[in-house]
Novice: 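Encoded as structure tokens, here's the structure I'll be asking about.
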Number of protein chains: 2
Amino acid sequence: MATSSAAALWYFESVNLYHILCPHKVKKMGDKHEFIRYKKDDFIYVPEDAASNIYLIVDGRIKIGHYLEDGKEVVSSILTTGEIFGELALAGEDTRRDFAQAMCEAVICPLTIGELQELMFENKDLSFKILKLIGLRLMKLERKLELLVFKDARTRVIEFLKDTAAWKGQRVGFETMIPTKLTHKDIASLTGTSRQTVTTILNELKEKNLINFDRKKILIRDIDNLK
Amino acid sequence: MATSSAAALWYFESVNLYHILCPHKVKKMGDKHEFIRYKKDDFIYVPEDAASNIYLIVDGRIKIGHYLEDGKEVVSSILTTGEIFGELALAGEDTRRDFAQAMCEAVICPLTIGELQELMFENKDLSFKILKLIGLRLMKLERKLELLVFKDARTRVIEFLKDTAAWKGQRVGFETMIPTKLTHKDIASLTGTSRQTVTTILNELKEKNLINFDRKKILIRDIDNLK
DNA sequence: ATAGCCCTGTCGTCTGCACGACATTATATA
DNA sequence: TATATAATGTCGTGCAGACGACAGGGCTAT
């Protein structure tokens, strides 16, 4: 179908700011190359914090999410090395509405929006890259919304697997291996389903020999025939 | 609650590009001020069209949405005078994934992304405004996602009424009047519920004297006590 | 006018899946 | 190596809300 073949590519595009930013930063700000190290479960920021930085993940896994009034945690994404978060600060967010938390030992490189805006003034290409970055986030979110609202739990989990496979998986022949420490609870939160449902669906897929998984990885037998 | 009082403002912020763009356009491009007139149900663009323009609504109401594989229409928003659409073209969208359709006679001012990028090169402020515009869309979408996924149908409809009231309503004393020709089906699509459910909820609220409505408007008695 | 169409209102029915409860098995920690 | 803690697997129950069906009311067009 046109929607998923023609349109598939944009979805996995990414804007690699890391390579653009870090050299600049080094050049411009001397060797003030700052890294911050976080321990497991440390928060990089929490709601109501001033949104004064964006962050590049140098190493580790970061969970982005927020809390509902009843205290329940909602995970909106889990990011790893090379990815960026907190970018809404650039688009005018003044105080954080979400939180960012290290899921393990992590190293983060922060950039103040001041610095970044300065860089953007000089480097028009960078401005467009950032615009693209945020636009991409918007498109992804639209897709997620559609998935969550119009598809049943099973489809949501499957699409999540496919997306993750395309994003982080290593393909060998027909099989795609996703190294991941995501728990069923994480997947549930990411797909807007309950933990039990995820367990059931995953086992059903394993049963049918469409996937296999253990606590360290998920293996998709044939990504094009997963449905 | 902190979430809805402190954070309420950003949500209704808008970036008025119209006033920034049109003068520029006039100055720069001579009097090549182009307007296109659409009749009811005309499409401004449809999926797979090249995404080469962004559009300012001069007059009329435009529906933005897309189609599911089964042909069902999903409305993502309904925009009116002064608002902008198609802005993802700026962020790297090459072909449209959604459609834009006139809901009545409408006048639209198109700008090619080429033109706009030129303007952005000269006018840094404009670049930031656009970044902000897209960032704002992103935040709105995040809110919508949360609403759709974690709230029940009743809350969704109520929040929709509140948002729309804040956005387009005219407040007189305690009452807020929303002039609108939205059908229950439209509201259903916008809130991710079924038409019947919308009808029922709206009538329940009318019953309780919290709102009143007919085919032309919705009247909210006391927006702060609507729940 | 009058025919046709879409909008609104109100039923039941049926189902996906959340959620609690619990057993079982891994993993972290002492 | 033992023990606490968290992750997984599998029930049953309950219910929000989608959906089909149909009836009446209001626009619109001819």
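Naming convention: chains lettered A, B, ... in sequence-line order (proteins, then strands); numbering from 1 in each chain. Below, all heavy atoms of this structure are taken into account, side chains as well, without hydrogens, waters or symmetry copies.
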Novice: Students should find this one: the first and last nucleotides of DNA chain C, 5' to 3', lying under 4.0 Å from a heavy atom of chain B. What are they?
Specialist: C/dC7 to C/dT10

Novice: Given A/Glu87 and A/Arg137, is the salt bridge (charged side-chain N to carboxylate O under 4.0 Å, His left out) satisfied, shown in steps?
Specialist: CA-CA 10 Å; A/Glu87 73 282 350; A/Arg137 285 270 209 275; 2.8 Å; yes

Novice: Going through the distances and angles, do B/Lys185 and B/Glu73 end up as a salt bridge (charged side-chain N to carboxylate O under 4.0 Å, His left out)?
Specialist: CA-CA 11 Å; B/Lys185 187 158 147 269; B/Glu73 176 183 297; over 6 Å; no

Novice: Rounding to 10 degrees, work out the angle separating the end axes of the helix from C/dC5-D/dG26 to C/dA30-D/dT1 (five pairs an end).
Specialist: 50°

Novice: Look only at the side chain of A/Thr199 and the backbone of A/Arg195, and say whether a donor-acceptor pair between them is shorter than 3.5 Å.
Specialist: yes

Novice: So which heavy atom on A/Thr191 is nearest to which on A/Phe160, and how close?
Specialist: CG2-CB, 3.6 Å

Novice: For the rings on A/Tyr67 and A/Phe99, is their centre-to-centre separation under 6.0 Å?
Specialist: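 Ring centres of A/Phe99 and A/Tyr67 closer than 6.0 Å.
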
Novice: Do the non-hydrogen side-chain atoms of A/Ile211 and A/Leu226 ever get within less than 4.5 Å of each other?
Specialist: yes

Novice: Is a side-chain N or O of B/Lys63 found less than 3.5 angstrom from the main chain of B/Asp41, in a donor-acceptor match?
Specialist: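 No; zero donor-acceptor contacts below 3.5 Å.
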
Novice: Can you list, in residue-number order, the parts of residues 187-205 of chain B that come under 4.0 Å of DNA chain C, counting heavy atoms only?
Specialist: B/Arg195, B/Gln196, B/Thr199, B/Asn203

Novice: Does any N or O in the side chain of A/Asn53 come within less than 3.5 Å of the main-chain N or O of A/Tyr55, such that one atom is a donor and the other an acceptor?
Specialist: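 Checking the backbone N and O of A/Tyr55 against the side chain of A/Asn53, no donor-acceptor pair under 3.5 Å is found.
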
Novice: Does a side chain donor of either A/Thr155 or A/Asp152 reach within less than 3.5 Å of an acceptor in the other side chain?
Specialist: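 A/Asp152 and A/Thr155 do have a side-chain donor-acceptor pair below 3.5 Å.
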
Novice: Provide the closest heavy-atom pair for B/Lys217 versus B/Asp214 in the form atom of the first, atom of the second, distance.
Specialist: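 Scanning both residues completely, I find the closest heavy atoms to be NZ-OD2, 2.6 Å.
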
Novice: Quick one, give me the B/S/- string for nucleotides 25-30 of chain D, reading 5' to 3', where B means a protein heavy atom under 4.0 Å from the base and S means that only happens at the primed atoms, P, OP1 or OP2.
Specialist: -S----

Novice: Do any of residues 149-159 of chain B sit with a heavy atom less than 4.0 Å from DNA chain D, and if so which?
Specialist: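 Heavy-atom cutoff 4.0 Å gives B/Asp152, B/Ala153.
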
Novice: For A/Lys208, give me all partners under salt bridge (charged side-chain N to carboxylate O under 4.0 Å, His left out), at least two apart in sequence or on another chain.
Specialist: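 With sequence neighbours excluded, A/Lys208 shows a salt bridge (charged side-chain N to carboxylate O under 4.0 Å, His left out) to A/Glu204, given in chain and number order.
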
Novice: Between B/Asp42 and B/Lys39 (side chain of the first, backbone of the second, donor and acceptor by atom type, cut-off under 3.5 Å), is there such a pair?
Specialist: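 Indeed, once roles are kept as given, a pair shorter than 3.5 Å links the two residues.
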
Novice: Can you confirm whether B/Asp98 sits close enough to B/Pro47 that some side-chain heavy atom of one is under 4.5 Å from a side-chain heavy atom of the other?
Specialist: no

Novice: State, yes or no, whether a side-chain contact exists between A/Ile57 and A/Thr80 at a heavy-atom distance under 4.5 Å.
Specialist: no

Novice: Checking the side chain of B/Arg61 only, and the main-chain atoms of B/Ile78 only, is there a donor and an acceptor separated by less than 3.5 Å?
Specialist: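 No, the answer is negative, given that no donor and acceptor are paired below the 3.5 Å cut-off.
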
